[in-house]
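Shown next, in structure tokens, is the structure this report addresses.
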Amino acid sequence: MTTLITNIALLAGCRETTELLRGTALAELPSIDHAFLLIEDGMIASYGHMYELELLVPQLPKHVIDAHQQYVLPAWCDSHTHLVFAKSREEEFIDKLKGATYAEIAAKGGGILNSAKKLNDATEDQLFNDAWKRLEELTRLGTGAIEIKSGYGLTLESELKMLRVIKKLKERSPLSIRSTFLGAHTFPAEYKEDNAGYIQLIIDKMLPAIAAEKLADYIDVFCETGFFSPAEMETICKAGLQYGLKPKLHVNQLNSIGGIEAGIGLNAISMDHLETMTGEDIRLISASGSIGTLLPTAAFFLRMPFQPARQLIDAGAAIALASDFNPGSSPSGNMNLVVALSCIQMKMLPEEAINAATINGAFAMELEKTTGSISVGKKANLIFTKPIPSIAYLPYAFGSNLIDKVMIEGEFRV
Ligand code: NIG
Ligand code: FE
């Protein structure tokens, strides 16, 4: 089917070539005002100024949608989530509000192990149905591509269960979905005194089973004091690479312990979180080929310092923005809030934030050839806004729902 969209007030993120944006290039959001967009079989076929329409689309299709001066931009590309989980954890949230420390919550069986216990008891169908509802909500909020991690299983069976749920989501959802194996999220209680034994389980049992069923695209490790050391991360990622799983890593959330250096050595696609960065960490990641993925809603929810976005951009880093949607540290997958927080709290410019949440997010999932910008040949994954006066109004008017409609592969889903 061919669809023509006319009278777009601003078509944002139009790119003839697709490049990872770093440093000053992040501030350029190529846009066309008074635009049209032509979609053929779910893909972007042409776009331009309204005055070029007759020339570029001599034969108008039957199906024409008048955008009535709405803004249109690429759907969000959320490159870091833990979307599959069994239960929310608001009881921990209340405990924390009352003053409980992370250690006290962990001692009561809270945190990642709490989610793992609940996931163990859940069926694959339950997990799928709940994740599907979350995915529908995120689609309404403008997300068109998403990465989803395992990591609340922590046993062979439960990690496979999580990854099979993600596989089913991939098969049934129109969204572009990437799957990441995060068996190394924390050490299960029974391996508390035998960390090496759990790493062996990941390498000897989990990875071969995951590879046999083709359940993951990437491998992730939570590199943090009290969790996995940089050396352990290297061991696990090298084993993953044997099966073609490239690293996308949790580093520098709470401490700077050498995760950045190790991640660069592993040619990580992305290194994510980055709340706690030394000057050297900033210099190293900025000079590397890895994308730094900032997760401001996690910093917000945990009352951590926000990521040093300005310093990273000024040092020439390629940065992406993602939601980290998970029940412990970011119980929201709202990319509009992520974009707003990155401007309000990290002083990113609206154009930088939108680029980081679209094209660079697509790069952080290796989906840049199919999504993340308005480009001929890419999927028509689009956000149509309510009437807004400018692109800067999106992060400025944070908290308002400014999305009117969302199109995925050429069809309105919302
Ligand atoms: O990305 N930091 C590690 N993992 C998650 C949170 C895990 C949880 O508390 O459930 C994160 O923030
Ligand atoms: Fe995370």
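Whatever order the structure lists them in is the order used to number ligands and atoms, beginning at 1.
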Checklist line | Atom of Ile257, atom of Pro230 and distance for their closest heavy-atom approach | finding: O-CG, 3.0 Å
Next item on the list: Using only N, O or S atoms, tell me which atom of His82 is closest to the Fe ion (ligand 2).
Entry: NE2
Notebook entry, point to check: Under 4.0 Å from any heavy atom of Tyr152, which atoms of ligand 1 are there?
Noted result: 7 (C), 8 (C), 10 (O)
Item checked: Minimum-distance protein heavy atom relative to atom 2 (N) of ligand 1 -> Gln253 OE1, 2.7 Å
Next item on the list: Note the single closest protein heavy atom to atom 9 (O) of ligand 1, along with its residue, its atom name and the distance in Å.
Entry: Arg89 NH2, 2.9 Å
Note to self: What protein heavy atom lies closest to atom 12 (O) of ligand 1? Include the residue and the distance to one decimal.
What the structure shows: Ser329 OG, 2.5 Å
Next item on the list: State whether the shortest distance between N or O atoms of Asp324 and N or O atoms of ligand 1 falls below 3.5 angstrom.
Entry: yes
Margin query: Using ring centroids (six-membered ring only for Trp), state whether Phe228 and Phe222 fall under 6.0 Å.
Written below: no
Checklist line | Minimum-distance pair of heavy atoms, taken over all atoms of Leu29 and Ala12 | finding: CD2-CB, 4.0 Å
Checklist line | Any His185 heavy atom less than 4.0 Å from ligand 1 | finding: yes
Checklist line | Residue Asp324 atom name (nearest to the Fe ion (ligand 2); N/O/S) | finding: OD1
Next item on the list: For this output row, return yes or no: ring centroids of Phe187 and Phe227 closer than 6.0 angstrom.
Entry: no
Margin query: Less than 6.0 angstrom separating the ring centers of Phe412 and Phe384, yes or no?
Written below: yes
Next item on the list: Walk me through it: do Glu352 and Arg310 pass the test salt bridge (charged side-chain N to carboxylate O under 4.0 Å, His left out)?
Entry: CA-CA 10 Å; Glu352 291 174 330; Arg310 277 267 56 90; 2.8 Å; yes
